[in-house]
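Reviewing the structure listed below.
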Amino acid sequence: MSDLLLDELPTRWHGHEIIPDFRPMVWLVNAYVRGQTGDDPIGFAVSALWRFYKDPHCFLNDPQKIIDAYGYMIEFYKAGEKAAESAAAESSTAPSSGLAFDYQCDAGYIVAAFQQAYGIDLTADKVHWWRFKALLHALPPETSLGKIVEIRGKDTSGMDRADRDYYETLKERFALPDGLKGV
């Protein structure tokens with residue numbers, strides 16, 4: 001993995017040109033957490049490769065090449081996670097189980113938070129996945145997304161009844177749908 005501060009962010013991965021923008025990775029996570037990967041794993045992998053590689057044709061003739069290329073894409077995804085962890089400390093408000101946010105359900109909050117905190121318009125700007133993850137992890141708690149993530153992860157067990165009821169109501173209001181898998 002490259003050093004986020006010192007190295008140029010990669011636009012090639014394992015010798016192939018890629019689309020390093022955050023969108024293919026967000027699509028991948030959304031599909032995974034919604035269980036949309038299982039019925040046709042090779043078909044799913046091919047769909048993912050079309051989003052990630054600039055020219056996936058070289059993989060499509062051979063199932064083993066599809067599997068390898070998909071593995072490289074997952075490696076790129078994970079490298080973005082590692083880059084984010086090294087760029088920003090993990091939030092102490094993240095819940096110990098379950099998801100703190102969901103790219104699809106919280107899309108509007110994510111777009112607004114990036115605009116508010118960084119002046120980045122995620123609806124128009126291309127942002128490298130590794131940079132996107134680092135910025136996402138470092139969003140200020142003052143953003144709506146930051147507040148919602150804090151609410152979702154709030155431990156109410158030691159609170160007095162009034163505070164616990166207040167936070168449980170907020171947790172219910174901002175709860176993510178049942179059935180989403182953690183990543």
Side-chain angles (χ1 to χ4, degrees), residues 1-2 4 7-88 94-95 97-115 118 120-137 139 145 148-149 152 174-183:
M1 184 191 84
S2 300
L4 194 59
D7 299 333
E8 191 172 321
L9 295 175
T11 57
R12 294 182 66 79
W13 199 249
H14 289 270
H16 298 279
E17 282 191 73
I18 60 170
I19 300 166
D21 187 46
F22 69 94
R23 289 167 182 85
M25 298 296 104
V26 168
W27 177 88
L28 184 68
V29 172
N30 281 341
Y32 176 78
V33 299
R34 284 163 178 76
Q36 299 169 345
T37 61
D39 294 343
D40 179 14
I42 295 295
F44 175 79
V46 168
S47 292
L49 298 181
W50 275 103
R51 287 171 169 79
F52 180 65
Y53 290 99
K54 285 195 175 178
D55 182 17
H57 288 96
C58 61
F59 307 119
L60 303 181
N61 303 357
D62 180 356
Q64 187 57 51
K65 286 183 178 180
I66 292 171
I67 292 167
D68 292 344
Y70 185 81
Y72 299 149
M73 182 183 64
I74 297 301
E75 183 183 287
F76 179 83
Y77 169 87
K78 289 179 180 177
E81 293 289 320
K82 289 179 183 151
E85 289 170 9
S86 66
S97 64
L99 297 173
F101 73 95
D102 175 69
Y103 289 113
Q104 185 173 321
C105 295
D106 295 324
Y109 296 121
I110 295 168
V111 168
F114 271 69
Q115 188 71 49
Y118 309 122
I120 296 172
D121 180 357
L122 291 178
T123 65
D125 297 343
K126 301 268 188 223
V127 181
H128 193 286
W129 170 243
W130 297 2
R131 181 174 180 239
F132 173 84
K133 286 301 293 187
L135 293 171
L136 183 67
H137 280 297
L139 279 171
L145 180 65
I148 290 168
V149 168
R152 288 178 182 151
F174 293 111
L176 293 170
D178 292 336
L180 296 180
K181 297 191 286 186
V183 201

Can you list the residues that meet the side chain to side chain contact (heavy atoms under 4.5 Å, CB included) rule with I18, with sequence neighbours excluded? W13, P20, F52, Y53, F76
Looking at L28, V33, N30, which one forms a side-chain contact (heavy atoms from CB on, under 4.5 Å) with Y103? N30
Stepwise, does the side chain to side chain contact (heavy atoms under 4.5 Å, CB included) test hold for F132 with L122? CA-CA 10 Å; F132 173 84; L122 291 178; 3.8 Å; yes
Between [X] and [Y], what is the shortest heavy-atom contact and its length?
X: R51; Y: I19; value: O-CD1, 3.5 Å
X: M73; Y: A48; value: CE-CB, 3.4 Å
X: F101; Y: L145; value: CB-CD1, 4.4 Å

Y70 and F44 aromatic ring geometry - parallel, tilted or perpendicular at 30°/60° bounds: perpendicular
With a 6.0 Å cut-off (strictly less than), is the heavy-atom count around CG of D39, excluding the residue itself, greater than 12? no
Indicate yes or no for a side-chain donor-acceptor contact from [X] to the backbone of [Y] under 3.5 Å, with no hydrogens or angles considered.
X: R152; Y: F174; value: yes
X: W129; Y: Y77; value: yes
X: D21; Y: V127; value: yes

Results of salt bridge (Lys or Arg N to Asp or Glu O under 4.0 Å) for E75 - residues two or more places apart only: none
Would you check if [X] and [Y] make a side-chain contact, meaning some heavy-atom pair closer than 4.5 Å?
X: L9; Y: T11; value: no
X: L136; Y: K133; value: yes
X: H16; Y: L49; value: no

Using atom types as modelled, flag every donor-acceptor pair under 3.5 Å from a side chain in residues 58-67 to any protein atom, sequence neighbours excluded.
| residue | atom | partner | partner atom | Å |
| --- | --- | --- | --- | --- |
| D62 | OD1 | Q64 | N | 3.0 |
| Q64 | NE2 | D68 | OD1 | 2.9 |

Determine whether F114 and L139 satisfy the following criterion, side chain to side chain contact (heavy atoms under 4.5 Å, CB included), listing intermediate values before the conclusion. CA-CA 8 Å; F114 271 69; L139 279 171; 4.2 Å; yes
Between D102 and R34, is there a side-chain N and carboxylate O pair less than 4.0 Å apart? yes
